[in-house]
Amino acid sequence: MDIQLLNIGFGNIVSANRIVAIVSPESAPIKRIITDARDRAQLIDATYGRRTRAVIVMDSSHVVLSAIQPETVAHRFVLNKDANHSHQS
């Protein structure tokens with residue numbers, strides 16, 4: 001299995017293969033997930049001090065905060081997958 005990388009803004013990159021969910025940070029349950037990850041020392045803040053717009057949940061229970069919209073991250077994820085499939089054909 002190839003490692004696929006995903007740009008989440010400001011030059012920060014995560015492994016696309018390990019993403020479980022890309023969600024908005026507005027709801028109370030997501031805010032709890034962020035707080036729990038911070039308490040477990042599994043929160044990665046990649047916002048560079050900007051407002052959190054996307055919360056990326058990884059299969060390792062790490063939670064990554066990004067300053068770009070969830071739709072933008074998801075769009076990059078889909079484009080990344082499409083590009084990799086066309087190269088493998």
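Just so it is clear, the model here is predicted, and its values are computed rather than measured. All heavy atoms count here, side chains included; hydrogens, waters and symmetry mates do not.
Contact check for L6 versus I13: no side-chain heavy atoms found under the 4.5 Å cut-off. Annotation: side chain of R53 is not in contact with side chain of S66 (no heavy-atom distance under 4.5 Å).
Y48 shares a hydrophobic cluster with F10; the chain of contacts runs through ILVMFWY side chains whose heavy atoms sit under 4.5 Å apart.
Put simply, CG on D36 and CG on D39 are 6.0 Å apart, with the number rounded to the nearest 0.5 Å. Atoms CZ and OG1, from R50 and T47 in turn, are 8.5 Å apart once rounded to the nearest 0.5 Å. Atom-to-atom distance recorded for I22:CD1 and H75:NE2 is 12.5 Å, nearest 0.5 angstrom. From Q4, atom CD reaches atom CG of D2 across 7.0 Å, with rounding to the nearest 0.5 Å. Atom CD1 of I56 and atom CZ of F77 lie 10.5 Å apart (nearest 0.5 Å).
Partner of V55 under the side-chain contact (heavy atoms from CB on, under 4.5 Å) criterion, out of L65, L43, V64: L65 alone.
Hydrophobic clustering of Ile, Leu, Val, Met, Phe, Trp and Tyr side chains at less than 4.5 Å, counting indirect connections, unites V73 with M58. No chain of hydrophobic side-chain contacts below 4.5 Å, direct or via other Ile, Leu, Val, Met, Phe, Trp or Tyr residues, connects I44 to V57.
Closest non-hydrogen pair, S15 versus I3, comes out as OG-CG2, 4.4 Å. Closest approach of A37 and V63 over heavy atoms only: CB-CG2, 3.6 Å.
Side-chain atoms of T72 do not come within 3.5 Å of backbone N or O of I68 as any donor-acceptor pair. Of the possible polar contacts, one joining the R40 side chain to the S61 backbone as a donor-acceptor pair under 3.5 Å is found. Between the side chain of N12 and the main chain of N7, no donor-acceptor pair closer than 3.5 Å is present.
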